Number of protein chains: 2
Amino acid sequence: MKAKCLGKVAAGKMRTLKYAILGLINRKAMTGYDLMKEFTIDLVNFWHAQHSQLYPELKKLTNEGLITFETVLQGEKLEKKLYSITDEGKKVFLSWLAKQDPLEPTPKDIFRLKAYFIESMRKEDILKQFHYQLDQRKEKLVKLEATMRQHPYAKNIADIISPLYGDYIVLKGAIMRERTNIDWLTQCIKEIEKAKKNCFYGSS
Amino acid sequence: MKAKCLGKVAAGKMRTLKYAILGLINRKAMTGYDLMKEFTIDLVNFWHAQHSQLYPELKKLTNEGLITFETVLQGEKLEKKLYSITDEGKKVFLSWLAKQDPLEPTPKDIFRLKAYFIESMRKEDILKQFHYQLDQRKEKLVKLEATMRQHPYAKNIADIISPLYGDYIVLKGAIMRERTNIDWLTQCIKEIEKAKKNCFYGSS
DNA sequence: ACAAGCATGTAACGTGTTACATGATTTT
DNA sequence: AAAATCATGTAACACGTTACATGCTTGT
């Protein structure tokens, strides 16, 4: 019989959401609602979460002593919890930030999975699918580029020790990624059209 | 009181693994072990799964009547299950393949999350982190390019109606993606080094 | 008065990972 | 004989989504 690993199991304990929250609260005190806005606006190009995941995590981090909250009133009755990071939380966050991670597994991508199965696609659907994807990617790129044009850092490059610099580089990365997606799709479409003309695939 | 949605809940019912399996088995009959090899070799650049997820899914698809298996012997005693797709399975797979999907949410990326928090990083860690990531990405690109050089389709471009073509375009996409990652990291490193020289950030 | 947005939570379920568990066959 | 690979499964848990649920505040 093999030696068994007694003691509690490990299992998927990256807790990345935990560190995303700590990092944001480390910048300034925030409510859960404020955090949600960050996730849906600034972090959306590399992380996201629903509020149903966020609130329980905030409770957990409070129990772990990494954040604390004070209840503040909005108007007469509406209570909201303003969270701030503790010294322990700051320590834990900075140690995560300094850790060198191995490359993550390649992210899953449904469109590429379908592209992999292109030979099973009905001939008349192939170009339709690629164009549909391309249109959506182009639309997204337009939005990212508009955000970049309004970005304070892009307008006035200065000190990289500012939250603006982090925001700027990930936005630049998102734009580069989207341009590459568009390049790839465009090349695929060209190849497919050429094959069509040369009768390298059956009638539609 | 609001109108409630009675009937069963929906909740995360993409079942993409299901279609990945159907697509592979649609090409030819395979065992669970064979499928795992596909996931870790050919599909690894856009989908992945552990065998602990695969085997239960195969059982589920069998119960749903989308695949069937026949037990074959390997040697004297070792039984393996050779799965093939049913007509119903083929129908379900093709209908998934033809469906036009909205853009997925941007995939999560731990490194970009850390990059977003660059202002909180210890000055002497910043370049170390970016170089570490760059080295890993370069290593991965080398492997992808080696795979491409040996790819049958790349050597002899012909009919796009072949499983080889799907394999080829997703591999090309993976290479383009990795080159862009490398470009992005290289640009970031250059900017950071320039800022260092110009004393745009504190001493390390 | 109404709509939009602020604010916080829970329930149920689907998806994905690590570890546990076992045994046969092939290659060195 | 040992190691690598073939082959299949389950248990426990972590992570993530959709829907359910409630109530206040601000702007029009």
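Chain letters run A, B, ... following the sequence lines, proteins first and then strands; every chain starts at 1. Since this is a predicted model, take the numbers as computed values, not measurements.
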For a quick check under 3.5 Å, do B:Thr106 and A:Lys140 share a side-chain donor-acceptor pair by atom type?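 Yes, side-chain donor-acceptor contact under 3.5 Å.
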Under a 3.5 Å cutoff, is there a donor and acceptor pairing between the side chains of A:Thr186 and A:Asp183?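 A:Thr186 vs A:Asp183: no donor-acceptor pair found between side chains.
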Below 4.0 angstrom from OP1 or OP2 of [N], is there any side-chain N or O of [X]?
| X | N | answer |
| --- | --- | --- |
| B:Gln53 | C:dG16 | yes |
| A:Lys77 | C:dA7 | no |
| A:Lys59 | C:dT10 | yes |
| A:Gln74 | D:dT25 | no |
| B:His48 | C:dT17 | yes |
| A:Lys81 | C:dG9 | yes |

Could you give the [atom1]-to-[atom2] distance, from [X] to [N], as a whole number of Å?
| X | N | atom1 | atom2 | answer |
| --- | --- | --- | --- | --- |
| A:Tyr55 | D:dT18 | OH | P | 18 Å |
| B:Tyr19 | C:dT15 | OH | P | 10 Å |
| A:Tyr33 | C:dG5 | OH | C1' | 5 Å |
| B:Lys60 | D:dG9 | NZ | P | 16 Å |
| A:His51 | C:dG5 | NE2 | P | 16 Å |
| A:Glu76 | D:dG23 | CD | P | 18 Å |
| A:Leu54 | C:dT8 | CG | P | 9 Å |

Inter-axis angle, terminal five-pair segments of the helix from C:dA1-D:dT28 to C:dT28-D:dA1 [nearest 10°]: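 Overall, the helix from C:dA1-D:dT28 to C:dT28-D:dA1 bends by 30° from one end axis to the other.
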Quick test of your reading of the model: are B:Arg27 and B:Glu38 salt-bridged, counting only N-O distances below 4.0 Å?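 Here B:Arg27 does not pair with B:Glu38 in a salt bridge, since their nearest N and O are not under 4.0 Å apart.
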Do B:Lys143 and B:Glu178 meet the salt-bridge criterion of a basic N to acidic O distance under 4.0 Å?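 Looking at B:Lys143 together with B:Glu178, the answer is no, because their closest N to O distance does not fall below 4.0 Å.
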5'-most by nearest nucleotide on DNA chain D - A:Trp47 or A:Gly75: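 Result of the comparison: A:Trp47.
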For B:Lys99, is there any backbone N or O sitting under 3.5 Å from a side-chain donor or acceptor partner on A:Gln129?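 Looks like yes, one N/O pair under 3.5 Å.
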Minimum-distance nucleotide to B:Pro56 side chain [options: C:dT25, C:dG9, D:dT10]: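 For B:Pro56, the side-chain atoms sit closest to D:dT10.
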Among D:dC6, C:dA7, C:dT10, the nucleotide that comes nearest once only the side chain of A:Lys80 is considered: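 Output: C:dA7.
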Does the ring center of B:Phe130 lie less than 6.0 Å from the ring center of B:Phe111?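 Under 6.0 Å, so yes.
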Kindly indicate whether a cation-pi arrangement holds for A:Arg112 with A:Trp184, taking the cut-offs as under 6.0 Å to the six-membered ring centre and within 45° of the axis.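 Flagged: A:Arg112 positioned over aromatic ring of A:Trp184.
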Quick one: does B:Ser52 reach the base of C:dT18 with a side-chain donor-acceptor pair under 3.5 Å?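 Indeed there is one.
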Measure distances between side-chain N and O atoms of B:Thr16 and base N and O atoms of C:dT15, and say whether any donor-acceptor pair falls under 3.5 Å.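 Under the 3.5 Å cut-off, the side chain and the base do not form any donor-acceptor pair.
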Considering every strand and a 4.0 Å limit on heavy-atom distances, what is the contact class for A:Lys18: base, sugar-phosphate, or nothing?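 No contact.
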What does B:Gln50 touch in the nucleic acid at a heavy-atom separation under 4.0 angstrom: a base, only the sugar-phosphate, or nothing?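 Here B:Gln50 touches the bases of the nucleic acid.
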